[in-house]
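Below is one structure, written out as structure tokens; the observations come after it.
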Amino acid sequence: MAEELVLLGLWASPFAMRVKIALAENGIDYESKEQDLLNKSPLLLEMNPIHKKVPVLIHKGKPICESLIIIEYINEIVLNALMLWTPKSERQAGKGLVESFKALEGELGDKPYSGGGIFGFIDIALIPFHNFFYAFETIGKFSMEE
Ligand SMILES: N[C@@H](CCC(=O)N[C@@H](CS)C(=O)NCC(=O)O)C(=O)O
């Protein structure tokens, strides 16, 4: 995964630190490329040509800018889902995906919605991903229900 994920950051940047925390919390390997903001690298200028700021997360060559958006991207089940299709990390990814769903289920408990009785933000964010369950089960060879 490390070769697929590169973080353009800076040790002193609290915005880059947000991303480093999210990556660490999710156990995701990445290559860190520290930037000199007084002498911006061609890579930073190419990946964030408008704002020219760190952090930038580069996933398979494509940049994601803005720390909070990067964190959303990292936290999306999609990252686990993408990893599921990567043969090298297949076993690890399947485990990560199942762990994510276990954590979500643990939070939900017996409540009908994530906010208790109120349908809200997290429910809207997650429900459309149920469309992927069949593919997860078929490719990952496990049962979502289990
Ligand atoms: N809203 C951005 C802020 C990023 C930001 O301000 N980064 C600073 C470093 S802490 C930067 O790259 N500054 C370079 C510049 O302004 O030229 C985010 O959340 O990612």
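Each ligand, and each atom within it, is numbered from 1 in the order the structure gives.
Atom CD of E25 has 12 or fewer neighbouring heavy atoms from other residues, nucleotides or ligands inside a 6.0 Å radius.
Residues I74 and L23 have side chains in contact (heavy-atom distance under 4.5 Å, counting atoms from C-beta outward). A 4.5 Å side-chain heavy-atom check between K53 and F15 finds every atom pair outside the cut-off. No side-chain heavy atom of L44 sits less than 4.5 Å from a side-chain heavy atom of M47.
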Please list, one pair per line, the donor and acceptor atoms closer than 3.5 Å that link side chains of residues 128-136 to other protein atoms, with sequence neighbours excluded.
{"residue": "H130", "atom": "ND1", "partner": "I127", "partner atom": "O", "Å": "2.8"}
{"residue": "N131", "atom": "ND2", "partner": "P128", "partner atom": "O", "Å": "3.4"}

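Put simply, the side chain of E34 never gets that close to the backbone of S32: no donor and acceptor are under 3.5 Å apart.
Contact shell of ligand 1 (protein heavy atoms, cutoff 4.0 Å): S13, F15, R18, L37, K40, K53, V54, P55, E66, S67.
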